[in-house]
Amino acid sequence: MRSDDMLKTLREEAELHTPDVRGGVLSKVQYAAPDAEGEVLVRTDRKRMLWLASLFGVLLIALIIIGALLMGPAAGGSFRLVVSINPSVEFTVEEGKVSSARSLNRDAAVLLRGETFAGETAEDACIHFATLAEGKNLITADGIRLYVEGTAESGFLEGIRGSLAEKFSGYTVTDMDETAYADLFAQYNKEEMDDFEDWLEREFESKRDGFEQEVKSRLESGEYENDLKTLDRESFNAKYRCLGEDLCFTDGDETEEELLEEYRELLEEWRRAPAHVLDELFSEFLDEIEDLYEDTFSPDDDDDDDDDDDDRDDDDDDDDDRDRALGAPFRGAVAAGD
């Protein structure tokens with residue numbers, strides 16, 4: 001058989017036994033009627049495409065909701081948060097963080113001196129302020145009251161109330177009503193508060209040098225152990241009051257051994273970090289002389305508004321009583337301030 005005949009025979013056999021794939025595929029395609037220009041369009045399954053688009057949209061919305069829940073509520077814009085405990089403070093909150101704190105009365109001015117709230121979350125700032133007030137027994141029977149001026153995110157106050165209630169379980173935590181809020185600001189005088197804070201800073205700083213010398217003398221004299229054995233408790237407390245409550249007969253049940261151990265620990269810390277010890281002791285000391293500032297700024301109904309000089313003279317007996325109660329450091333510090 002010639003080669004041409006063989007190729008012809010093989011081609012016929014292949015066509016006979018090979019399935020028509022191309023024809024089968026084309027037979028499955030549905031064609032729409034040709035348009036005016038004779039163009040043929042392939043028909044698509046619109047229902048199926050719409051169903052897929054709807055499913056994709058639902059999934060996208062679900063992902064957005066889940067992401068929002070995981071990230072929590074938005075931080076929000078700017079608003080003011082008032083915390084009233086007895087001392088009252090106003091925090092300016094921007095994007096969830098405290099940017100500034102303003103004292104609304106003198107108790108708050110004393111508490112806020114030297115404290116930094118900027119950068120804290122509103123919740124942390126509230127806990128910080130309430131902790132300072134509780135440490136000085138300034139939280140009254142009214143408990144802790146909150147007020148927001150401006151627009152905060154949903155659930156903002158509820159979250160802070162819950163945290164404060166958990167932290168300070170012995171006190172009520174409530175929202176301040178409009179009347180109480182108005183009364184609080186009716187009593188606030190910015191000019192007077194600014195003057196008080198400036199005066200407070202000057203007085204504190206003027207007393208520091210005298211106090212530092214007093215602490216240094218008491219710690220380094222070497223007389224503490226001997227005085228612990230020879231002085232009566234009232235005289236001992238008067239002499240060493242500047243070293244803090246832990247080194248005095250504060251509760252009455254302290255033993256000489258306990259006080260001596262506290263003294264040695266403080267002396268060792270003083271030798272390592274005197275500035276830190278002085279800051280701690282000075283802060284404690286200032287807590288005890290807050291009455292002096294209140295007396296100085298208290299209005300006098302009986303004088304002739306002559307800068308309260310008569311008040312200071314009239315209260316000599318009271319000042320002497322306070323001096324005896326607080327001891328020599330108080331007298332020395334006040335003298336240094338005068």
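Ser103 and Ala109 get closest at one heavy-atom pair: OG-CA, 3.3 Å. When every heavy atom of Pro87 is checked against every heavy atom of Asn105, the shortest pair comes out as CA-OD1, 3.4 Å. A pairwise comparison of heavy atoms in Asp142 and Thr172 identifies O-OG1, 3.4 Å as the closest pair. Taking every heavy atom of both residues into account, Glu192 and Asn189 meet most closely at N-OD1, 2.9 Å. The heavy-atom pair separating Ile139 from Ala130 by the smallest distance is CD1-O, 4.0 Å. Between Leu104 and Ala108, the shortest heavy-atom distance links the atoms N-CB, 4.3 Å.
A distance of 10.5 Å separates CD in Glu254 from CG in Leu228, rounded to the nearest 0.5 Å. One finds the OH atom of Tyr263 at 8.0 Å from the CG atom of Leu243 (value rounded to the nearest 0.5 Å). Once rounded to the nearest 0.5 Å, the distance linking SG of Cys242 with CZ of Arg218 reads 6.0 Å. With values rounded to the nearest 0.5 angstrom, Arg80 atom CZ is found 10.5 Å from Tyr147 atom OH. Taking CG from Asn226 and CG from Leu231, the interatomic distance works out to 8.0 Å, rounded to the nearest 0.5 Å. One distance of note links CD of Glu120 with CZ of Phe129; it measures 12.5 Å at 0.5 Å rounding.
The closest donor-acceptor contact from the side chain of Asp251 to the backbone of Asp253 lies at 3.5 Å or more, if one exists at all. Side-chain N or O atoms of Asn237 include none that pairs as donor or acceptor with a backbone N or O of Cys248 at under 3.5 Å. Using a distance-only test at 3.5 Å, with no hydrogens or angles considered, a donor-acceptor pair links the side chain of Ser99 to the main chain of Thr92.
Annotation: side chain of Glu212 is not in contact with side chain of Lys216 (no heavy-atom distance under 4.5 Å). A 4.5 Å side-chain heavy-atom check between Lys97 and Thr121 finds at least one atom pair inside the cut-off. Between Asp246 and Leu266 there is no side-chain heavy-atom pair separated by less than 4.5 Å. When side chains are defined from C-beta on, Leu157 counts as touching Leu81, because their heavy atoms get closer than 4.5 Å. Residues Glu197 and Met193 meet the side-chain proximity criterion, which asks for heavy atoms closer than 4.5 Å. Within the 4.5 Å cutoff, the side chain of Val83 has no heavy atoms near those of the Leu164 side chain. Within the 4.5 Å cutoff, side-chain heavy atoms of Thr131 are placed close to those of Phe168.
In this pair, Phe185 and Tyr181 present their aromatic rings tilted. The plane angle is within the 30 to 60° band.
Counting heavy-atom neighbours within 6.0 Å of Glu158 CD, excluding the residue itself, gives a total above 12.
Aromatic rings from Phe79 and Phe156 are positioned such that their centres are separated by under 6.0 Å.
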Residue pair Leu247, Tyr240: steps toward the side-chain contact (heavy atoms from CB on, under 4.5 Å) verdict:
CA-CA 7 Å; Leu247 274 75; Tyr240 292 100; 5.6 Å; no
Start with the C-alpha distance between Phe117 and His128, add both sets of side-chain angles, then the distance that settles side-chain contact (heavy atoms from CB on, under 4.5 Å), and finish with yes or no.
CA-CA 8 Å; Phe117 295 87; His128 183 173; 3.4 Å; yes
Taking it one step at a time, do Trp270 and Val215 satisfy side-chain contact (heavy atoms from CB on, under 4.5 Å)?
CA-CA 10 Å; Trp270 170 264; Val215 170; 3.9 Å; yes
Tyr188/Glu90 under side-chain contact (heavy atoms from CB on, under 4.5 Å): CA gap, chis, key distance, verdict
CA-CA 12 Å; Tyr188 174 77; Glu90 179 188 73; over 6 Å; no
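Salt-bridge formation is detected for the pair Asp194/Lys190: a Lys NZ or Arg NE/NH1/NH2 atom is positioned less than 4.0 Å from an Asp or Glu carboxylate oxygen. Between Glu268 and Arg264 there is no salt bridge, since none of the side-chain N atoms of the basic residue sits less than 4.0 Å from a carboxylate O of the acidic one. In this structure, Arg161 pairs ionically with Asp175, as a charged nitrogen and a carboxylate oxygen lie closer than 4.0 Å.
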